[in-house]
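Worth knowing before you read on, the calculation uses all heavy atoms, side chains too, and leaves out hydrogens, waters and symmetry mates.
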Amino acid sequence: MALLTVGAMGASVPAASADPAGVQRTLDWENSADRTLPAAAPSGFGKQWATSYGATTTTAPVRDGSYAARFELRKNDPMVSSSKRAEITQRDDQPLNAERWYGFSINLPSSWTYDRSAEIVSQWHQCDTQCPSGSPPLALLTDEGRWKIDFKGQITDLGPYTTGAWTDWVFHVTWRTDSAGLLEIWRDGEQVMRRSGATHGGGPRSPYFKFGIYKWDWATGAPSDTTQRVMHYDALRLGDERATYADVSPMRTCGRDISPAGVTATTYEPANPPANAVDGNLTTRWSGQGFGASLILDLGVQRHLCGTTVAWHRGDLRWNDYTVYASQDGTTYSKVWEGRSSGTTTAPERALFTEGPRDARYLKIAFWGNPENDWASITEAAVLGL
């Protein structure tokens with residue numbers, strides 16, 4: 001097992017700096033000059049909605065800061081640009097062969113229920129003149145309860161969406177019509193797609209970005225199971241070829257404590273049961289003997305997790321080797337971190353998942369040894385989320 005100190009460990013995706021040179025535009029709605037909705041789109045963008053509720057700002061929910069954008073589209077809304085939509089659009093002025101980064105976060109409320117009819121929630125539109133017509137070369141959509149990517153007419157299913165939570169997205173595209181093109185997509189810090197080759201159909205300019213709700217079936221009369229869609233959008237950052245993933249990612253910090261609904265252990269002594277490790281008291285502890293003795297935290301429901309904090313009994317006098325595993329069902333676990341505590345403190349020490357955040361319900365902290373004995377003794381353990 002590779003041994004790394006807690007201080008050396010970190011998330012595979014670093015925290016971003018604030019608006020570095022490669023970020024061309026930020027729309028996190030914290031700048032009062034950007035809160036022009038619903039009367040107009042923010043400076044540099046176009047308006048594509050026809051109602052007072054089509055695009056507004058809200059104070060809840062928010063991904064970061066104090067504001068987010070709220071989009072609402074109803075089946076009986078007026079047509080906009082020949083369809084049913086409530087979108088904010090970039091200008092059609094993207095240079096030929098542009099390399100671009102797009103980071104944003106989407107929150108689908110509980111009202112975003114299953115619908116046989118799909119809708120686009122972010123799209124990249126071919127330039128408007130001297131470009132091929134038809135469907136956008138790239139789109140993020142929801143369809144039948146699932147996230148999907150439409151890339152040049154080919155649909156990729158990315159699995160079910162979760163309502164009532166923020167989903168972070170990063171898209172990296174080199175807009176080309178030859179083999180030098182590139183598409184990379186990350187969801188919640190995990191890369192879910194990578195394609196090389198042509199990324200659009202041609203023209204004198206690169207595709208431009210649009211975000212909001214676009215539901216074409218409501219314009220054509222195709223079957224649909226709902227009459228209203230509401231969506232929240234936040235932390236939008238648009239970068240050029242100088243940008244990096246970290247510059248545009250909404251995943252700025254990992255640090256929200258998530259309280260477990262229950263705690264168990266593979267072994268423990270009666271005087272130091274598992275509950276002592278989550279009671280908020282550094283003078284009590286869970287103790288279990290043996291190689292692989294494990295403390296298991298059950299969050300009750302699946303959550304978006306990014307790390308742990310662990311405080312060790314006698315942690316200022318000895319290091320402890322341990323591994324953190326994550327599971328969605330409590331049966332199948334995968335390793336998300338392994339290493340060694342510092343041996344210099346009894347305070348909680350933070351360890352971020354090596355491969356970035358993931359969805360899980362259970363976390364298992366497995367002890368492998370210390371220089372004094374074969375006892376695992378944790379005074380406090382906590383789960384970190386986004």
Side-chain angles (χ1 to χ4, degrees), residues 13 55 58 60-64 68-75 84-88 102-124 135-136 138-151 154-171 183-194 209-218 222-236 249-251 256 258 299-306 326-329 356-361 385-386:
V13 178
T58 182
V62 296
R63 176 62 178 86
D64 56 27
R70 179 186 186 274
F71 294 93
E72 180 175 344
L73 186 67
R74 302 175 188 175
K75 191 173 184 178
K84 300 283 185 170
R85 68 179 79 234
E87 292 182 294
I88 295 174
Y102 313 83
F104 51 87
S105 194
I106 294 176
N107 187 302
L108 305 176
S110 59
S111 62
W112 200 281
T113 55
Y114 176 99
D115 189 0
R116 76 188 86 175
S117 167
E119 51 272 311
I120 286 175
V121 294
S122 297
Q123 64 168 302
W124 290 260
S135 299
L138 177 61
L140 171 64
L141 48 87
T142 61
D143 182 22
E144 298 180 335
R146 307 180 72 82
W147 291 113
K148 296 183 180 181
I149 297 293
D150 184 344
F151 179 47
Q154 293 187 343
I155 302 297
T156 300
D157 189 329
L158 298 182
Y161 56 69
T162 300
T163 61
W166 288 98
T167 300
D168 294 335
W169 297 93
V170 172
F171 286 70
L183 168 64
E184 296 180 296
I185 304 174
W186 291 262
R187 181 182 66 187
D188 291 333
E190 178 183 356
Q191 189 168 48
V192 293
M193 181 177 289
R194 189 182 192 279
F209 181 59
K210 300 173 68 175
F211 62 102
I213 308 170
Y214 169 44
K215 198 165 179 68
W216 57 94
D217 281 346
W218 284 353
S224 174
D225 305 306
T226 186
T227 60
Q228 181 193 44
R229 284 303 204 205
V230 173
M231 178 184 74
H232 301 96
Y233 211 101
D234 202 2
L236 171 64
S249 173
M251 198 172 293
R256 181 165 59 91
I258 301 177
L299 303 179
V301 296
Q302 186 168 290
R303 305 293 295 270
H304 195 51
L305 310 180
C306 53
S327 173
Q328 295 185 353
D329 58 10
R358 66 181 58 208
D359 292 331
R361 173 177 169 175
L386 294 163

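Within the 4.5 Å cutoff, no side-chain heavy atoms of V121 are placed close to those of K210. Residues L140 and F211 are not in side-chain contact: their nearest non-hydrogen atoms beyond the backbone lie 4.5 Å or more apart. By the 4.5 Å heavy-atom criterion applied to side chains, N107 and R63 are not counted as neighbours. At least one side-chain heavy atom of L138 sits under 4.5 Å from a side-chain heavy atom of I149. Contact check for F71 versus I106: no side-chain heavy atoms found under the 4.5 Å cut-off. Inter-residue side-chain proximity for Q123 and R85 is flagged as met; some heavy-atom pair is nearer than 4.5 Å.
If you take CD on Q228 and OG1 on T113, they are separated by 10.0 Å, rounding to the nearest 0.5 Å. In this structure, the separation between OG on S327 and CZ on R358 is 10.5 Å, given to the nearest 0.5 Å. Between R229 atom CZ and L73 atom CG the span is 10.0 Å, to the nearest 0.5 Å. Distance NE2/H232 to CG/L108: 10.0 Å, rounded to 0.5 Å.
Remark: T142 engages W112, E119 in a side-chain hydrogen bond (donor to acceptor under 3.5 Å, both in side chains) (not counting sequence neighbours). Residues passing the side-chain contact (heavy atoms from CB on, under 4.5 Å) test with A360 are L305, A326, sequence neighbours excluded. In this view, R187 satisfies the salt bridge (charged side-chain N to carboxylate O under 4.0 Å, His left out) rule with no residue, not counting sequence neighbours. Residues passing the side-chain contact (heavy atoms from CB on, under 4.5 Å) test with A68, sequence neighbours excluded: T58, V62, W166, D234. Residues meeting the side-chain contact (heavy atoms from CB on, under 4.5 Å) test with E190, sequence neighbours left out: none. Shown here are the side-chain hydrogen bond (donor to acceptor under 3.5 Å, both in side chains) partners of S122, two or more places apart in sequence or in another chain: Y233. Evaluation of the salt bridge (charged side-chain N to carboxylate O under 4.0 Å, His left out) rule for D157 yields R146 as partners, not counting sequence neighbours. Taking Y102 as the reference, W124, F209 meet the ring-ring contact (aromatic ring centres under 6.0 Å, His included) condition, with sequence neighbours excluded. Listed by chain and residue number, R70, R74 satisfy the salt bridge (charged side-chain N to carboxylate O under 4.0 Å, His left out) test with E72 (two or more places apart in sequence, or in another chain). Under the salt bridge (charged side-chain N to carboxylate O under 4.0 Å, His left out) criterion, D329 pairs with no residue at all, not counting sequence neighbours. Every side-chain hydrogen bond (donor to acceptor under 3.5 Å, both in side chains) that Q191 has, sequence neighbours left out, goes to E184. Residues meeting the side-chain contact (heavy atoms from CB on, under 4.5 Å) test with S224, sequence neighbours left out: D115, S117, K215, W218, T226.
The closest donor-acceptor contact from the side chain of D188 to the backbone of D168 lies under 3.5 Å.
With F171 as the partner, the ring pair (Phe, Tyr, Trp, His ring centres under 6.0 Å) test is satisfied by one option alone out of F151, W186, F104: F104.
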